[in-house]
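Within every chain, numbering begins at 1; the chains are lettered A, B, ... in the order of the sequence lines, protein sequences first and strands thereafter.
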Protein chains: 2
Amino acid sequence: MASLNDVARLAGVSKSTVSRVINQEYGVKPATIEKVNRAIEQCGYVVNQIAKDLKSSKTNLIGVIVPRVSSHAMSASVDGLSHVFDQKGKQVLLANTRQDDARICHYLDLFNQKRVEGILLFASTLNPTVVQAIKRSSAPVVVIGQDGSPYNIPSVIHDDYRVGFCAGEQLIKAGCQQVGFLGVQAEDIAVDQQRYQGLESALTTLSQTAPLFHYQGQFSIQSGYVAMTAMLAQYPDLDGVFCATDRIAIGAIQALQAQGITPGQAVKLMGVGDDELAQVVSPSLSTFNYAFDAAGESGAKMLLELLETGQSHVSKLVMGFNYISRATCP
Amino acid sequence: MASLNDVARLAGVSKSTVSRVINQEYGVKPATIEKVNRAIEQCGYVVNQIAKDLKSSKTNLIGVIVPRVSSHAMSASVDGLSHVFDQKGKQVLLANTRQDDARICHYLDLFNQKRVEGILLFASTLNPTVVQAIKRSSAPVVVIGQDGSPYNIPSVIHDDYRVGFCAGEQLIKAGCQQVGFLGVQAEDIAVDQQRYQGLESALTTLSQTAPLFHYQGQFSIQSGYVAMTAMLAQYPDLDGVFCATDRIAIGAIQALQAQGITPGQAVKLMGVGDDELAQVVSPSLSTFNYAFDAAGESGAKMLLELLETGQSHVSKLVMGFNYISRATCP
DNA sequence: TTGAAAGCGGTACCAA
DNA sequence: TTGGTACCGCTTTCAA
């Protein structure tokens with residue numbers, strides 16, 4: 001592949017001159033420009049950004065680590081953030097951990113070697129190993145989805161505790177007295193712990209009851225189905241279920257229907273995330289709108305501010321939400 | 001940020017020696033290794049992969065261009081391909097055109113400057129400008145989703161014509177006699193043209209009729225709704241609709257229901273893609289299973305083979321599909 | 001207006 | 001076993 005040197009030789013000028021022409025610098029004789037451009041054309045020269053990056057120690061690269069991309073939350077977030085970075089001329093290096101948290105550290109290190117300017121980490125857990133890896137990263141890291149502020153890590157989170165509380169409120173308002181929670185792994189503070197605690201708080205505060213159960217499954221329709229089936233057997237009297245995600249809720253709906261129960265009547269339920277699925281499923285699923293694209297954008301902007309000013313004024317950004325009432329909890 | 005030189009000075013040895021220690025090369029005195037490692041620790045040295053990349057002219061970088069990531073097809077494909085690249089130690093540089101085809105060329109050029117080793121392009125159109133940009137790319141390009149073989153561009157495609165034909169077959173078998181097509185922009189050969197032509201061929205061959213209409217809208221539920229509403233007004237007698245994607249079909253279902261028509265009875269319909277939505281919507285949507293994750297993987301493997309052997313034995317890979325019969329076309 | 005040379009942070013060959 | 005040095009491809013003084 002042709003280099004500056006090749007072009008220079010071909011045009012019969014020096015490297016410096018070619019460099020000047022390429023970067024449209026001031027003070028090159030038009031005739032020389034012409035000569036050089038012909039040479040560039042002739043040998044199909046393409047700038048070597050690697051060499052430039054090395055020389056300037058600037059890569060315009062942003063690392064993004066995700067647990068997977070095929071979920072409403074992830075794909076919307078990635079669309080959001082990529083737009084922001086795009087406008088700033090930053091390129092996105094994408095790493096997919098496939099839900100294997102151990103790989104987070106691996107990618108954090110790899111990204112630092114590649115000299116990314118900053119890293120956006122979509123975390124489902126924030127264990128000590130990960131925190132440590134973040135701490136030793138030279139590139140600033142913004143965490144999305146979990147609260148890193150206790151470790152002084154700038155984060156964008158959803159208002160998970162309050163969502164749980166609202167869910168409790170709504171279920172109580174709808175007349176539920178036996179309410180359970182379908183969550184995920186305990187390590188997921190945001191999705192499992194916070195949402196559960198919010199619910200618990202609402203139930204104790206507003207109706208002097210405690211959640212009937214706290215099931216911990218996976219992020220899938222399948223898992224929601226299994227969970228709901230099991231809980232239904234164990235607590236035949238339950239009349240309200242708060243599901244940590246819409247997909248889990250969809251599984252729960254299917255499980256209820258399999259038992260001849262119409263969701264929204266004897267048993268009310270709701271999910272979180274406003275996945276397109278929620279609008280489409282029948283009966284339609286009451287849920288909370290989480291602005292995932294905005295969260296991605298916000299994380300990106302936060303990181304950019306961190307890069308530009310050396311520090312961000314916001315150390316923790318809590319995204320709001322809206323309750324969307326549909327058929328499963330009218 | 002500390003460099004080899006800094007470490008060398010700190011350890012009182014030469015760059016070469018530090019390099020040897022870092023790369024665990026053979027023939028360094030244990031005491032020296034110890035010294036160097038202490039120095040590395042002390043100044044927090046991190047390998048500069050940019051410098052290595054320049055020296056070795058090898059980046060381990062793969063460029064991936066997508067029109068957007070928040071769709072079932074895209075997100076599943078990206079999950080698939082990232083797994084394959086991961087295993088080979090390749091990193092993914094992700095570009096999001098946001099459905100703006102003009103940006104494809106921009107990214108192709110940018111990626112070449114960044115010296116990616118290869119490019120995976122998810123295309124919704126393959127216009128002459130794009131073809132030209134692909135041709136001048138030094139990094140090999142594999143196209144996914146559109147057939148580039150006429151231009152001698154290796155591609156992974158879905159069997160769009162045959163899907164259209166099968167859809168026609170199924171609708172006819174279900175008794176439909178007035179069948180229309182809800183497509184997308186004409187530039188999308190695969191999704192709009194091929195699927196339509198397959199349908200047309202089935203109808204003319206098997207029932208000596210022609211499609212009632214060929215509507216061209218967008219890739220969204222909303223657009224499907226609008227389209228179905230309009231077509232229903234124009235062709236009140238229609239009894240079968242083939243939708244280019246599941247999301248369009250979902251919109252169509254909602255439009256039918258808004259008119260008091262039960263999809264699957266007087267009007268049968270089916271989509272393409274086996275989006276999770278199709279399983280969840282009510283009545284459930286008959287569709288064709290496209291293995292998007294496998295398509296992503298295949299594209300990745302094809303590209304890797306191209307990189308390793310200099311040329312691929314496969315120049316066009318056609319992915320199969322399965323018909324999934326559900327309530328909208330029993 | 002142009003060229004020579006140093007340097008970004010590594011690797012690799014040759015000498016010592 | 002170690003160090004010196006050239007070089008990867010580009011930018012950027014400094015001189016000419």
Side-chain angles (χ1 to χ4, degrees), chain A residues 1-40 43-61 109-117 138-139, chain B residues 1-40 43-61 109-117 138-139:
Chain A
M1 173 142 282
S3 75
L4 264 197
N5 246 321
D6 301 322
V7 178
R9 204 174 315 128
L10 217 79
V13 297
S14 75
K15 287 199 317 184
S16 327
T17 303
V18 179
S19 173
R20 286 182 191 113
V21 173
I22 286 168
N23 298 302
Q24 319 220 36
E25 275 171 33
Y26 204 67
V28 186
K29 199 159 53 169
T32 313
I33 297 183
E34 185 54 30
K35 245 192 328 190
V36 172
N37 279 330
R38 250 201 313 277
I40 288 177
C43 63
Y45 171 78
V46 175
V47 173
N48 185 329
Q49 193 61 46
I50 301 293
K52 281 182 111 141
D53 287 356
L54 175 60
K55 178 68 184 172
S56 64
S57 15
K58 182 148 189 17
T59 56
N60 282 316
L61 224 48
D109 292 343
L110 218 64
F111 281 174
N112 272 285
Q113 296 182 7
K114 273 280 186 191
R115 294 297 191 265
V116 299
E117 298 179 354
S138 307
Chain B
M1 175 143 277
S3 77
L4 263 197
N5 248 318
D6 301 322
V7 178
R9 204 173 319 126
L10 217 78
V13 297
S14 73
K15 285 204 316 185
S16 327
T17 303
V18 178
S19 174
R20 285 182 192 112
V21 173
I22 286 168
N23 298 301
Q24 320 219 35
E25 275 171 33
Y26 204 69
V28 186
K29 198 159 56 170
T32 312
I33 297 183
E34 184 55 28
K35 246 193 324 192
V36 172
N37 278 330
R38 250 201 311 277
I40 289 176
C43 64
Y45 171 79
V46 175
V47 173
N48 186 331
Q49 193 63 46
I50 302 292
K52 282 181 107 142
D53 288 354
L54 174 60
K55 177 68 183 174
S56 63
S57 17
K58 182 150 190 12
T59 57
N60 283 315
L61 225 47
D109 292 343
L110 218 65
F111 281 173
N112 272 284
Q113 296 183 8
K114 273 279 186 191
R115 294 297 191 266
V116 300
E117 299 179 354
S138 306

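Considering only the side chain of B/Glu25, C/dA12 comes nearest among D/dT11, C/dT11, C/dA12. Closest approach to the B/Ser14 side chain among D/dC10, C/dG9, D/dG4 is made by D/dG4 (side chain taken as heavy atoms from C-beta onward). Here D/dG4 is the nucleotide among C/dT2, C/dA5, D/dG4 with the atom lying nearest to any side-chain atom of B/Ser16. For B/Lys52, taking side-chain heavy atoms from C-beta onward, the closest of the listed nucleotides C/dA4, C/dG9, C/dT11 is C/dT11. The side chain of A/Ala51 approaches D/dC10 more closely than any other nucleotide in the set C/dG9, D/dT2, D/dC10. Of the candidate nucleotides C/dG10, D/dG9, C/dG3, C/dG10 has the atom nearest to the side chain of B/Ser3.
One N or O donor and one acceptor, one from the side chain of A/Lys55 and one from the base of C/dG7, sit under 3.5 Å apart. Within 3.5 Å, a donor on the side chain of A/Arg20 pairs with an acceptor on the base of C/dG3, or the reverse. If you check distances only, the side chain of B/Ser56 never reaches the base of C/dG10 with a donor-acceptor pair under 3.5 Å.
Straight-line distance from the CG atom of A/Asn23 to the C1' atom of D/dC10: 9 Å, rounded to whole Å. Nucleotide D/dC10 holds its C1' atom 15 Å from the CE atom of A/Met1, rounded to whole Å. The interatomic distance linking A/Lys15 (NZ) with C/dG3 (P) rounds to 13 Å, in whole Å. Per the geometry, CG belonging to A/Leu54 stands 18 Å off P belonging to C/dA6, to the nearest Å. Across the protein-nucleic acid pair, A/Asp53 atom CG and C/dG7 atom P stand 21 Å apart, rounded to whole Å. Atoms CG (B/Leu4) and P (C/dA12) sit 12 Å apart, rounded to a whole Å. In this structure, A/Asn48 places its CG atom 14 Å from C1' of D/dC7, rounding to the nearest Å. Put simply, CG on B/Asp6 is 12 Å from C1' on C/dC8, counting in whole angstrom units.
Around atom NZ of B/Lys29, no more than 12 heavy atoms belonging to other residues, nucleotides or ligands sit under 6.0 Å away.
The side chain of A/Ser19 contributes no N or O atom lying less than 4.0 Å from OP1 or OP2 of D/dC10. Remark: A/Tyr26 is not in phosphate contact with C/dT2, judged by side-chain N or O atoms under 4.0 Å from OP1 or OP2.
Between A/Ile33 atom CD1 and A/Glu25 atom CD the span is 11.0 Å, to the nearest 0.5 Å. To the nearest 0.5 Å, atom CD1 of residue B/Ile40 and atom CG of residue B/Leu4 are 8.0 Å apart.
Along DNA chain D, the nucleotide nearest A/Tyr45 and the nucleotide nearest B/Val28 are compared for position; the residue whose nucleotide lies closer to the 5' end is B/Val28.
Applying the side chain to side chain contact (heavy atoms under 4.5 Å, CB included) test between A/Val7 and each of A/Val18, A/Asn37, A/Val21, A/Thr17 identifies A/Val18 as the sole match.
In this structure, A/Arg20 and A/Val13 have side chains that are not in contact, with every pair of non-hydrogen atoms separated by 4.5 Å or more.
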